[in-house]
Amino acid sequence: MNKKAGYAAIFGKPNAGKSTLINSLLNFHLSVVNKKVQTTRNKILGVLTEDNYQIIFIDTPGTLDPKYELQKFMLTEIRTSLEEADVIIHIMDVLNIDYEDLKKTEEKFSDVLAGKKRIAVLNKIDLIDKAKLLPVMEKLSAGFRYDDIVPVSALDNENVDMLKELIVKDLPESEFFYDRDTLTDKSEKFFVGEIIREKILHFYHEEIPYSVLVNINEFKERSERLVYINADIVLERETQKIIVIGKKGESLKRLGEKARFEIEKFLGKKVYLELFVKVRKDWRNNRNFIRENYNQ
Ligand SMILES: Nc1nc2c(ncn2[C@@H]2O[C@H](COP(=O)(O)OP(=O)(O)OP(=O)(O)O)[C@@H](O)[C@H]2O)c(=O)[nH]1
Ligand SMILES: [Mg+2]
C-alpha cells in the first residue's frame with residue numbers, strides 16, 4: 001500500500017480543548033493544557049507515525065482579536081499553521097458555540113481555509129446530554145462548509161480514533177516528512193521552558209499566567225546524568241515579581257521544586273535548576289522582545 005502523509009492543523013477558540021485533543025491524538029503530553037484561556041502561544045508540531053501513514057498535527061493558539069503584540073504574533077502562528085495544513089480540524093466547545101462568531105471566523109480566515117478539507121470537532125461531549133448533540137450537528141451542517149462533523153471528548157479519549165481515521169482518509173499520498181521516531185519539531189529546551197510555564201499557570205492566578213514568559217538561558221549537560229538549567233521568569237511588573245517570589249522566597253522555591261521534579265521525569269536525568277525572576281515592563285507589547293524570544 002502507498003504511504004500517506006500530511007499536516008493537520010487544530011484550530012479554534014481559546015479553551016476549546018485544542019491542546020488536550022492533540023495530546024490525546026498523539027497519546028503523549030506534547031502541549032500545555034490549562035483551564036485558563038490563551039495557554040498555547042505558538043504553533044507546536046506533534047508527529048504521529050504508523051506503518052503506512054504520518055500525520056503531522058499542529059497545535060495553535062486560540063483565535064481572538066489581537067490587542068497586544070503577543071496576540072498579533074499568536075495570530076500569525078495560526079495563519080501560517082492553516083496555510084501549511086492539508087486538513088483543518090476546527091474544534092469547538094460543544095457547550096459554548098457562538099454561530100455568529102463562527103461565521104466571522106470563517107470569513108476572517110477564508111483565504112487560508114479555501115480548498116482544504118475541514119472537519120468540525122464538537123468537543124467536551126462528556127459534559128452534555130447526547131440527545132442535545134443532533135440539533136447542533138444539524139445546524140453546523142446546514143450553515144457551514146464542513147466535510148465532516150465529529151463529536152468527541154478529548155479528555156476521555158472518546159471518538160478520537162474515529163477522528164484519526166477521517167483525517168487519514170483524505171491525506172495525500174506522499175513520502176513521510178519526518179523520521180519514524182520523530183515526535184515533535186521542538187527542542188528539549190523548549191519543553192523545559194513549557195514545563196516551568198505550566199507550573200506557573202498552575203500556581204499563580206490573576207494576570208501572572210498571561211504576563212509570564214520563560215526564557216532558558218543555559219541548558220548544559222554537566223555529566224551523563226546531570227543537567228544544569230538556568231532560566232529567567234520574565235514578568236511585566238514589579239508587583240508580579242513580588243508575588244512570584246513570595247514571602248522569603250517560598251513561592252519561588254516551591255515552584256522550582258515542582259518544575260525540577262517534572263523536568264527530571266521528562267529528561268530522565270538529574271537536574272540542577274536555577275530560576276531568576278525578572279521584569280521587562282509591558283513586554284507583551286514589545287514586538288522586538290517577542291521576536292527575540294519566540295522565534296526559536
Ligand atoms: N470536560 C472536558 N474538559 C475538557 C475537554 N477537553 C479539554 N477540556 C478542558 O478544557 C480546558 C482547556 O483545554 P486546553 O486543551 O488547554 O484548551 P486550548 O484550546 O488548547 O486552549 P488555549 O491554548 O488557551 O487556546 C482544560 O481545563 C481542559 O482540561 C473535554 O473533552 N471534556
Ligand atoms: Mg492550547
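Counting convention: from 1, in listed order, for ligands and their atoms alike.
The nearest heavy-atom contact from the protein to atom 1 (N) of ligand 1 is D126 OD2, 2.9 Å. The nearest protein atom to atom 30 (C) of ligand 1, hydrogens excluded, is given as L155 CB, 3.4 Å; this is a heavy-atom distance. Protein heavy atom at the shortest distance from atom 19 (O) of ligand 1 is K18 NZ, 2.7 Å. For atom 13 (O) of ligand 1, the closest non-hydrogen atom on the protein side is T20 OG1, 3.5 Å. If you check which protein heavy atom lies closest to atom 21 (O) of ligand 1, you get N15 N, 3.0 Å.
Note: an N/O pair closer than 3.5 Å links S153 and ligand 1 by distance alone. Some N or O of G17 is nearer than 3.5 Å to an N or O of ligand 1, by distance alone. Residue-to-ligand polar distances keep V152 apart from ligand 1: every N/O pair is separated by 3.5 Å or more. Considering backbone and side-chain N/O atoms, N123 comes within less than 3.5 Å of an N/O atom of ligand 1. Not a single N or O atom of P14, backbone or side chain, sits closer than 3.5 Å to an N or O atom of ligand 1.
Using modelled atom types, one finds no donor on one side chain facing an acceptor on the other under 3.5 Å when comparing R222 with Y272. For the 3.5 Å distance criterion, the side chains of S153 and E158 fail to qualify, holding no donor opposite an acceptor. A donor-acceptor pair shorter than 3.5 Å cannot be found between the side chains of E206 and Q240. Counted by atom type alone, T63 and T105 present zero donor-acceptor pairs between their side chains at under 3.5 Å.
Interface atoms of ligand 1 facing G62, defined by a heavy-atom separation under 4.0 Å, are 25 (O). Atoms of ligand 1 found under 4.0 Å from any heavy atom of V37, numbered from 1 in the order shown, are 24 (O). Those atoms of ligand 1 that come under 4.0 Å of a heavy atom in L127, given as number and element, are 1 (N).
Nearest to atom 16 (O) of ligand 1 by heavy atom, out of L95, L64, N34, D93, is N34. Here atom 9 (C) of ligand 1 lies nearest to K124 when heavy atoms of K35, K124, E158 are compared. The residue among V33, V121, N23, T39 with a heavy atom at the shortest distance from atom 24 (O) of ligand 1 is T39.
One N or O on the side chain of K4 and one on the backbone of V168 form a donor-acceptor pair closer than 3.5 Å. Put simply, the side chain of E188 never gets that close to the backbone of L267: no donor and acceptor are under 3.5 Å apart. For K281 (side chain) and E238 (main-chain N/O), no donor-acceptor pair under 3.5 Å exists by modelled atom type. The closest donor-acceptor contact from the side chain of R197 to the backbone of T39 lies under 3.5 Å. Between the K139 side chain and the F144 main chain, no donor and acceptor come within less than 3.5 Å of each other.
Using a 4.0 Å cut-off between charged side-chain N and carboxylate O, D111 and R79 make a salt bridge. No salt bridge links E50 with K164; every basic N to acidic carboxylate O contact stays at or beyond 4.0 Å.
Within the sub-2.8 Å shell of the Mg ion (ligand 2), the protein contributes these N/O/S atoms: S19 OG, T40 OG1.
Within the 4.0 Å heavy-atom criterion, the part of Q38 lying near ligand 1 is the backbone and not the side chain.
Residues passing the ring-ring contact (aromatic ring centres under 6.0 Å, His included) test with Y204, sequence neighbours excluded: none.
In this structure, A16 has a heavy atom closer than 4.0 Å to ligand 1.
Annotation: cation-pi geometry not satisfied between K258 and F203 (NZ/CZ under 6.0 angstrom from ring centroid, within 45° of ring axis).
One hydrophobic cluster, built from ILVMFWY side chains closer than 4.5 Å, cannot hold both L64 and Y210; they sit in different ones. Under a hydrophobic clustering in which Ile, Leu, Val, Met, Phe, Trp and Tyr are joined whenever their side-chain heavy atoms come within less than 4.5 Å, directly or via other members, V212 and I263 fall into the same cluster.
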